[in-house]
Structure formats: C-alpha cells, structure tokens
2 protein chains.
Amino acid sequence: MTNKSVKNSVGRPKTFEKDDVIKLAMNHFWEHGFEGTNLDDLLVAMGIKKSSFYRTFKSKEEVFFLSLNLYKQETFTLLEQLKGEIGVKETLVQIIKYDIDEAKKIGKLKGCLLIDCGKEFYKKHGIISEYMRTEMDDFVDFFAKFVKEGQLNGQITNQLDAKLLAVRYLTLYTGIISSLQAGIEFSVVDDLLFFVEELLK
Amino acid sequence: MTNKSVKNSVGRPKTFEKDDVIKLAMNHFWEHGFEGTNLDDLLVAMGIKKSSFYRTFKSKEEVFFLSLNLYKQETFTLLEQLKGEIGVKETLVQIIKYDIDEAKKIGKLKGCLLIDCGKEFYKKHGIISEYMRTEMDDFVDFFAKFVKEGQLNGQITNQLDAKLLAVRYLTLYTGIISSLQAGIEFSVVDDLLFFVEELLK
DNA sequence: ATAATTTTGTACTATTTGGTACAATAAAGG
DNA sequence: CCTTTATTGTACCAAATAGTACAAAATTAT
C-alpha cells in the first residue's frame with residue numbers, strides 16, 4: 001500500500017517493518033495480556049532485539065496501545081469482509097462459533113484483547129482507562145451499525161433497538177469467552193451458541 | 001461457632017483470628033486480582049505484619065486459595081439466604097441488579113473472584129487451572145440446582161434444561177460484569193437486566 | 001521473676017521487572 | 001575505503017517482587 005519497501009537512499013537496509021512487528025506484538029498481547037507479557041518474551045515474539053525495540057518504540061506501553069489500535073482495525077476489517085461473504089447475522093454467529101471451535105480443538109482461546117486488557121487495567125488501577133472506554137464505545141457503535149444493517153435487510157428479525165441489541169450481543173460474547181476460559185464443560189457450550197442465535201433470531 | 005475465643009493456657013494472647021484475616025484478604029484479592037495484589041498492600045488490608053503473615057500462612061498463594069474457598073462458601077450462603085427471603089428467581093435477578101447499581105453508584109465493581117482470577121491464571125499459564133475448573137463446576141452445579149428449584153416451584157417458567165439455563169445465566173452474568181468494567185455506557189445497562197429477566201421469564 | 005507465646009521491627013536475600021548506555025558489527029551507497 | 005544507517009551484544013541500573021532470619025517487645029499464666 002504505502003511506500004514501505006522503497007530503498008532508503010543509503011545505509012544498511014531495514015530488516016523489519018514497524019507495522020509487522022506491531023502485529024506480532026499484538027498477537028502476543030492478545031494471548032498473554034499486558035501484565036502477563038514480559039519484555040523478553042515480547043521481544044522473542046516480535047523477532048527483534050531489545051536495542052532495536054527501544055530504538056523503534058518508546059516503551060512497552062506504547063507498543064501495547066499501537067497493538068490495541070491495530071486490533072480494532074483488523075477486527076472491523078474482518079467483520080466487514082465476512083459480512084460481504086455471508087451476511088450480517090451469519091457473521092455475528094460465526095465469529096462466536098469460531099472461538100468455541102478453537103477452544104474445543106486446541107483448548108486455548110485468546111478472547112478479546114480490548115475486554116481482557118481493559119479488565120487488567122481496571123483491576124490494577126481501580127478505574128476504567130479513558131482510552132479503553134473510548135475504544136469500547138467504538139466497538140459498540142460499530143456493532144450497533146452492523147446490527148442495524150441486519151435488521152433493515154431482514155437478516156435479524158429481533159427489532160430491539162440496534163444499540164441495545166449490539167450490547168446484548170457483545171455482553172453475551174464476552175461472557176462466552178469468560179466461560180470458555182474458565183473451563184466450562186464442553187457439553188454445555190453448544191447451547192450458548194443457540195442462545196446467541198435466539199438473540200439475533 | 002467453633003472454640004475461637006477460648007483462652008490459650010499461657011503466653012501472649014492472639015490479636016487476630018486466621019479466618020478473619022482470610023476474609024480481609026479475600027476482599028482484597030476480589031478487588032485487585034491475584035497478580036494485581038502485592039504483598040505489602042495485602043498485609044495492610046489484612047491488618048497484620050509480614051512476620052505474622054508468614055508464621056500463619058505458607059505463602060501468598062496459600063492465602064489466595066483459602067480466599068477462593070471462602071468466596072465460594074460465602075456466595076452459596078448468601079444465595080441460600082436470599083432464596084429464603086425473596087425466592088429463587090428474584091435472587092438471581094437481584095444479584096445482578098446489585099452489581100449494576102454498585103457500578104452506577106460508586107463506579108467500581110469487584111466482579112467475580114473466581115472468573116476474574118481464573119482468567120488471570122489462564123492468560124499467564126495458557127491453561128485452565130485444574131483447581132479453578134473444579135471450582136467452576138461447583139458453581140455451575142449449585143446454580144443448576146438453584147434454577148431447577150425455581151422451575152419446579154413455578155418462579156422460573158423457562159423450561160430449558162436447568163444446567164443449560166444456569167450456564168446461560170452465569171455466562172450472561174460474567175458478560176455483564178465485563179461490560180460494566182469495560183466502561184459501557186450506563187444508558188444501555190438497564191436493558192441488560194431486562195435481558196436477564198427475559199432469560200428467566 | 002520466669003517461662004510461654006504472639007506480634008513487631010529491621011534487615012536482608014534472590015529474582016524479575018522495564019529500561020538505558022554504548023561499543024561492535026553488518027550491509028548498503030558514494 | 002569511507003560514511004551512513006540498522007542491528008546486535010553486553011553490561012548495567014533502579015525499582016519492585018515474594019520470602020527469610022532473627023532479635024526485641026508485648027502479654028499472659030504460673
């Protein structure tokens with residue numbers, strides 16, 4: 001897209017792109033959380049050395065916020081793409097089904113970077129991070145529009161206010177993630193997907 | 001209840017009861033999580049000095065597991081008590097309403113010690129703690145029995161299998177906690193309580 | 001007073017944490 | 001070869017972490 005791979009006029013050429021290592025960092029934060037990520041492991045995940053890290057970024061925290069931003073971008077992009085393929089309602093269902101299947105298969109579930117790290121921050125500092133709150137609002141707004149579209153084209157028959165329905169969906173989603181991560185029996189998990197489908201009707 | 005306050009034959013009398021300081025520790029863990037609790041703050045919360053702490057307990061971890069056990073006991077006791085006063089269904093609703101009100105009023109919400117610390121452990125070690133899993137099973141079983149009772153006496157009209165309904169309820173509950181802690185707008189929170197009431201019908 | 005027991009205070013340890021400083025080296029163009 | 005730029009390696013730092021050791025003081029019964 002942008003002029004990433006243009007040769008810099010002179011000097012040793014770069015061996016990594018900033019955006020690429022942010023993505024690697026994002027995946028690591030996503031899996032381990034912010035506090036659960038120590039710098040050494042993060043560096044291994046990013047494939048760069050400490051010296052390069054601190055020449056490129058200000059701190060671990062800065063990389064985290066860049067990761068959070070990338071997470072939002074990628075989530076929205078994925079949802080829009082899926083929408084084009086299978087429609088609004090099916091996208092909302094499949095997103096959750098994907099997590100359930102992943103938990104069943106590999107017994108591991110990354111969950112939601114925003115919610116999980118928001119919770120970490122909340123537990124640590126006793127207040128909601130203002131940054132997290134606005135990110136959360138972005139998610140709610142996006143899903144509200146998403147749901148609205150489904151209601152208008154008839155894929156979602158539940159005529160509850162789109163924003164409220166989006167919040168119900170997101171709440172259920174984060175609850176399912178927590179339940180899965182808390183090790184709920186697989187025998188009862190499928191019913192949770194029915195629950196979601198009932199909600200979207 | 002037990003012979004807590006009997007005088008020990010000789011020596012300086014105890015100034016704190018083990019169970020009492022465990023309860024204080026529980027409340028601190030509940031609010032800050034396990035990793036988010038450092039020993040010095042924990043000691044302040046428990047009102048004892050480090051020397052006393054390590055003479056009474058083996059480690060921070062031991063106190064945490066004792067706290068977790070107490071948490072379960074107290075939760076079940078509270079639910080049984082409320083059941084006697086306002087019935088099964090109303091108890092399930094009010095429990096959540098209490099959290100919502102707390103979040104609205106003081107802008108702070110402890111959430112669920114088991115789920116929150118289970119998530120911490122999960123994120124850190126990549127697997128579900130076996131201890132947490134069995135605790136989770138205890139909770140599911142308790143709520144399943146609770147729901148069953150409500151279905152039999154007609155307070156809950158939703159005739160979905162009691163265990164599945166209990167899991168739906170718990171999932172919704174943990175989702176609501178996450179949403180509140182993530183700083184969802186208060187304007188949409190009330191609808192989440194309607195959602196719970198609809199579920200229990 | 002003395003023995004028994006509990007709590008406190010102080011000092012210490014070993015490990016891990018995020019972060020810094022800086023020289024050495026690698027890879028390109030001029 | 002020389003300059004420029006990117007990466008690496010090594011060494012270090014200050015702070016925070018959970019936990020230990022042990023003497024001193026407090027409070028009781030005998």
Side-chain angles (χ1 to χ4, degrees), chain A residues 3-22 24-26 28-29 32-68 117 120-121 123-126 129, chain B residues 3-22 24-26 28-29 32-68 117 120-121 123-126 129:
Chain A
N3 48 355
K4 275 183 186 174
S5 49
V6 294
K7 297 259 176 175
N8 287 335
S9 52
V10 73
R12 178 178 178 170
K14 297 172 67 176
T15 60
F16 66 89
E17 292 296 328
K18 202 172 169 179
D19 289 357
D20 293 339
V21 295
I22 290 173
L24 292 167
M26 180 196 77
H28 194 82
F29 280 128
H32 299 96
F34 179 73
E35 305 287 343
T37 291
N38 68 341
L39 196 58
D40 288 345
D41 290 348
L42 181 62
L43 291 173
V44 172
M46 295 172 82
I48 60 176
K49 304 297 172 183
K50 193 182 275 193
S51 328
S52 303
F53 181 93
Y54 279 106
R55 198 176 57 77
T56 313
F57 306 104
K58 195 175 140 281
S59 62
K60 178 189 167 193
E61 231 177 19
E62 191 203 13
V63 177
F64 174 70
F65 284 114
L66 291 170
S67 297
L68 209 55
C117 293
E120 272 187 76
F121 191 95
K123 285 277 171 184
K124 186 130 203 180
H125 302 96
S129 155
Chain B
N3 48 354
K4 276 182 187 176
S5 48
V6 293
K7 297 259 175 179
N8 288 335
S9 52
V10 74
R12 179 176 179 171
K14 297 173 67 175
T15 59
F16 65 90
E17 293 297 328
K18 202 171 170 180
D19 288 357
D20 293 339
V21 294
I22 290 173
L24 292 167
M26 179 196 77
H28 194 83
F29 280 127
H32 298 96
F34 179 74
E35 305 287 344
T37 291
N38 68 342
L39 196 58
D40 288 344
D41 290 349
L42 182 62
L43 291 172
V44 172
M46 295 171 80
I48 60 176
K49 303 297 172 184
K50 193 182 276 192
S51 327
S52 303
F53 181 93
Y54 280 105
R55 200 177 57 77
T56 313
F57 306 104
K58 195 177 141 279
S59 63
K60 179 188 166 192
E61 230 177 19
E62 191 203 17
V63 177
F64 174 70
F65 283 114
L66 290 170
S67 298
L68 210 55
C117 294
E120 271 187 77
F121 191 94
K123 285 276 172 186
K124 186 131 201 179
H125 302 95
S129 154

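Remember, predicted model here, so these are calculated numbers, not experimental data. In what follows, chains are A, B, ... by sequence order, proteins preceding strands, each numbered from 1.
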dist A:Phe65:CZ -> A:Cys117:SG (nearest 0.5 Å) comes out at 9.5 Å

CZ of B:Phe64 to CG of B:Leu66: how many Å apart, nearest 0.5 Å? 10.5 Å

Taking atom [atom2] of [N] as reference, at what distance in whole Å does atom [atom1] of [X] sit?
X	N	atom1	atom2	value
A:Leu43	D:dT7	CG	P	14 Å
B:Lys58	D:dA18	NZ	P	15 Å
A:Met46	D:dT7	CE	P	12 Å
B:Glu35	C:dT16	CD	P	14 Å
A:Ile48	D:dT8	CD1	P	8 Å
B:Leu39	C:dC12	CG	P	19 Å
B:Phe29	D:dA18	CZ	C1'	12 Å
B:His32	D:dT17	NE2	C1'	17 Å

Quick one: which of [options] gets closest to the side chain of [X]?
X	options	value
A:Arg55	D:dG19, D:dT7, C:dG19	D:dT7
B:Val10	C:dG19, D:dT28, C:dT10	D:dT28
A:Ser51	C:dG18, C:dC22, D:dT17	C:dC22
B:Phe16	C:dG18, C:dT7, D:dT8	C:dT7

Do any side-chain nitrogens or oxygens of [X] fall under 4.0 Å of OP1 or OP2 in [N]?
X	N	result
A:Lys14	D:dA6	no
A:Thr15	D:dT7	yes
B:Arg12	C:dA4	no
A:Lys49	D:dT7	no
A:Tyr54	C:dG19	yes
A:Ser52	D:dT8	yes

Flag, side chain of [X] to backbone of [Y], donor-acceptor distance under 3.5 Å:
X	Y	value
A:Glu120	A:Phe34	yes
B:Lys60	B:Thr37	yes
A:Ser52	A:Ile48	no

Answer with base, sugar-phosphate or nothing: what part of the nucleic acid does B:Thr37 contact at a heavy-atom distance below 4.0 Å?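 Answer is sugar-phosphate: B:Thr37 comes under 4.0 Å of backbone atoms only.
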
Does the base of D:dG19 carry an N or O that pairs as donor and acceptor with the side chain of B:Lys50 under 3.5 Å? yes

Would you check, one step at a time, whether the test side-chain contact (heavy atoms from CB on, under 4.5 Å) holds for A:Val63 with A:Met46? CA-CA 11 Å; A:Val63 177; A:Met46 295 172 82; 4.1 Å; yes

Closest nucleotide of DNA chain C for B:Thr56 versus for A:Phe53: which of these residues is on the 5' side? B:Thr56

